[in-house]
A.B. asks: 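The structure under discussion is supplied below as structure tokens; questions concerning it will follow.
Every heavy atom of this structure was used, including side-chain atoms; hydrogens, water molecules and symmetry mates were not.
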Amino acid sequence: MAGEAQADCLFCKIIAGEVPATVVRETDTTYAFRDINPQAPTHILVIPKVHYPDAATLAAAEPQITADVLREAGEVAAEEKLESYRLVFNTGSGAGQTVFHAHAHILGGRGMQWPPG
């Protein structure tokens, strides 16, 4: 059920401490950790502690937690001293989403191209 931890969700397992992660920051509603397959010198994920399969579903059900994810992304970027960065939400497998727990990618530390791909 949306909002509740899912036993088969990698990110729910990370939040529960069942799978290790390099934690960067944690709040009551969010969890930020380094991506294990970085696509930039700085690649950090910010996830809500509640389980929703994608950003659109999270935004519809939990607008305040969606705002928390965005705010934390900015805080993490500032702590990482990123002057510029890309914030990405992939929604659906066709967009490249591989873990179906809403999450934001913070990518920085190198120049970014447009269009992104």
Side-chain angles (χ1 to χ4, degrees):
M1 172 177 260
E4 297 177 15
Q6 302 293 303
D8 61 344
C9 173
L10 174 62
F11 291 172
C12 288
K13 290 178 181 181
I14 288 172
I15 293 165
E18 298 169 12
V19 172
T22 303
V23 179
V24 173
R25 191 173 163 89
E26 180 178 5
T27 70
D28 289 341
T29 59
T30 65
Y31 205 77
F33 55 94
R34 297 198 184 277
D35 195 297
I36 62 170
N37 184 25
Q39 301 300 305
T42 301
H43 188 171
I44 297 169
L45 303 177
V46 181
I47 65 174
K49 287 185 173 179
V50 292
H51 181 93
Y52 286 91
D54 55 53
T57 306
L58 174 66
E62 303 277 0
Q64 183 57 55
I65 293 175
T66 305
D68 293 347
V69 169
L70 292 170
R71 182 179 49 255
E72 285 306 306
E75 292 291 331
V76 168
E79 287 177 1
E80 294 287 317
K81 303 198 181 341
L82 296 174
E83 291 183 21
S84 59
Y85 59 94
R86 182 167 285 165
L87 186 61
V88 176
F89 288 88
N90 297 323
T91 300
S93 58
Q97 186 178 6
T98 58
V99 177
F100 292 89
H101 182 121
H103 58 286
H105 296 259
I106 303 167
L107 299 152
R110 67 169 171 81
M112 301 287 162
Q113 302 297 315
W114 195 261

A.B. asks: Which heavy atom of A61 sits nearest to which heavy atom of Y52, and what is that distance?
C.D. replies: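 Looks like CB-CE2, 3.5 Å.
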
A.B. asks: If I take atom CG from residue L58 and atom OG1 from residue T91, how far apart are they, to the nearest 0.5 angstrom?
C.D. replies: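 Atom-to-atom, L58:CG and T91:OG1 are 10.0 Å apart.
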
A.B. asks: Keeping the roles fixed (side chain from Q97, backbone from P53), state whether a donor-acceptor pair exists under 3.5 Å.
C.D. replies: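 Pair found, side chain donor or acceptor close to backbone of P53.
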
A.B. asks: Roughly how far, to the nearest 0.5 Å, is CD of E75 from CG of L70?
C.D. replies: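 The CG atom of L70 sits 12.0 Å away from the CD atom of E75.
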
A.B. asks: Within the 4.5 Å heavy-atom criterion, are L87 and I106 side-chain neighbours or not?
C.D. replies: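 Sidechains of I106 and L87: in contact.
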
A.B. asks: If every non-hydrogen atom of A32 is compared with every non-hydrogen atom of I44, which pair is closest and at what distance?
C.D. replies: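 In this case the closest contact between A32 and I44 is CB-CG2, 4.2 Å.
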
A.B. asks: A side-chain contact here means heavy atoms from C-beta on lying under 4.5 Å apart; do I14 and Y31 qualify?
C.D. replies: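 Yes - at least one pair of side-chain heavy atoms lies under 4.5 Å apart.
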
A.B. asks: With the 4.5 Å side-chain cut-off for hydrophobic clustering, are V88 and Y85 part of the same group?
C.D. replies: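 Looking at the clustering, Y85 is in a separate group from V88.
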
A.B. asks: Quick one: does F89's side chain get under 4.5 Å of D54's, heavy atoms only?
C.D. replies: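 F89 does not reach D54 side chain to side chain.
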
A.B. asks: Out of curiosity, Q39 CD to M112 CE, how far, rounded to the nearest 0.5 Å?
C.D. replies: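 Reported value, rounded in 0.5 Å steps: 10.0 Å.
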
A.B. asks: Can you measure from CG (D35) to NE2 (H103) and round to the nearest 0.5 angstrom?
C.D. replies: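 Those atoms lie 8.0 Å apart.
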
A.B. asks: Provide the closest heavy-atom pair for H101 versus I15 in the form atom of the first, atom of the second, distance.
C.D. replies: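 That closest heavy-atom pairing would be CE1-CD1, 4.2 Å.
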
A.B. asks: Any non-hydrogen side-chain atom of F11 less than 4.5 Å from a side-chain atom of L45?
C.D. replies: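 The answer is yes, as the side chains (C-beta and beyond) meet within the 4.5 Å cut-off.
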
A.B. asks: Any chain of hydrophobic side-chain contacts (each under 4.5 Å) joining L82 to V46?
C.D. replies: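 Same cluster.
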
A.B. asks: Answer yes or no: is there a side-chain heavy-atom contact under 4.5 Å between T27 and D68?
C.D. replies: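 A side-chain contact is absent here, since even the closest heavy-atom pair is not under 4.5 Å.
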
A.B. asks: Find out if a path of hydrophobic residues (ILVMFWY) with successive side-chain heavy-atom gaps under 4.5 Å connects V99 to V23.
C.D. replies: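 Shared cluster, yes.
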
A.B. asks: Write down the atom of G108, the atom of A40, and the distance for their closest heavy-atom approach.
C.D. replies: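 Heavy-atom minimum between the residues: O-CB, 3.5 Å.
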
A.B. asks: Is there a path of hydrophobic side-chain contacts, each under 4.5 Å between heavy atoms of I/L/V/M/F/W/Y residues, joining F100 to L10?
C.D. replies: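 Different hydrophobic clusters.
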
A.B. asks: Less than 4.5 Å apart, side chain to side chain, heavy atoms only: is that true for C9 and H51?
C.D. replies: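 With C-beta onward as the side chain, the pair touches.
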
A.B. asks: Checking salt bridge (Lys or Arg N to Asp or Glu O under 4.0 Å) between K49 and each of E26, E72, E62, which is the one that passes?
C.D. replies: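 The single option meeting the salt bridge (Lys or Arg N to Asp or Glu O under 4.0 Å) with K49 is E26.
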
A.B. asks: Could you grab the distance from atom CD1 of I65 to atom CG of D28, nearest 0.5 Å is fine?
C.D. replies: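 One finds 10.5 Å between CD1 of I65 and CG of D28.
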
A.B. asks: Should we count CD of E18 as having more than 12 external heavy atoms under 6.0 Å?
C.D. replies: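 Counting other residues, nucleotides and ligands, CD of E18 exceeds 12 neighbours.
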
A.B. asks: Restricting to non-hydrogen atoms, name the atom on V69 and the atom on A104 that form the minimum distance, rounded to 0.1 Å.
C.D. replies: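 Reported closest heavy-atom pair: CG1-CB, 4.1 Å.
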
A.B. asks: Could you pull out the closest heavy-atom pair between V76 and R25, with the gap in Å?
C.D. replies: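 Closest approach of V76 to R25: CG2-CD, 3.8 Å.
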
A.B. asks: Thinking salt bridges, do E80 and R34 make one under a 4.0 Å N-O criterion?
C.D. replies: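 Looking at E80 and R34, the cut-off is met.
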
A.B. asks: Measure the acute angle between the ring planes of H105 and H43, then classify it against the limits of 30° and 60° as parallel, tilted or perpendicular.
C.D. replies: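 The arrangement is tilted - the two ring planes meet at 30° to 60°.
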
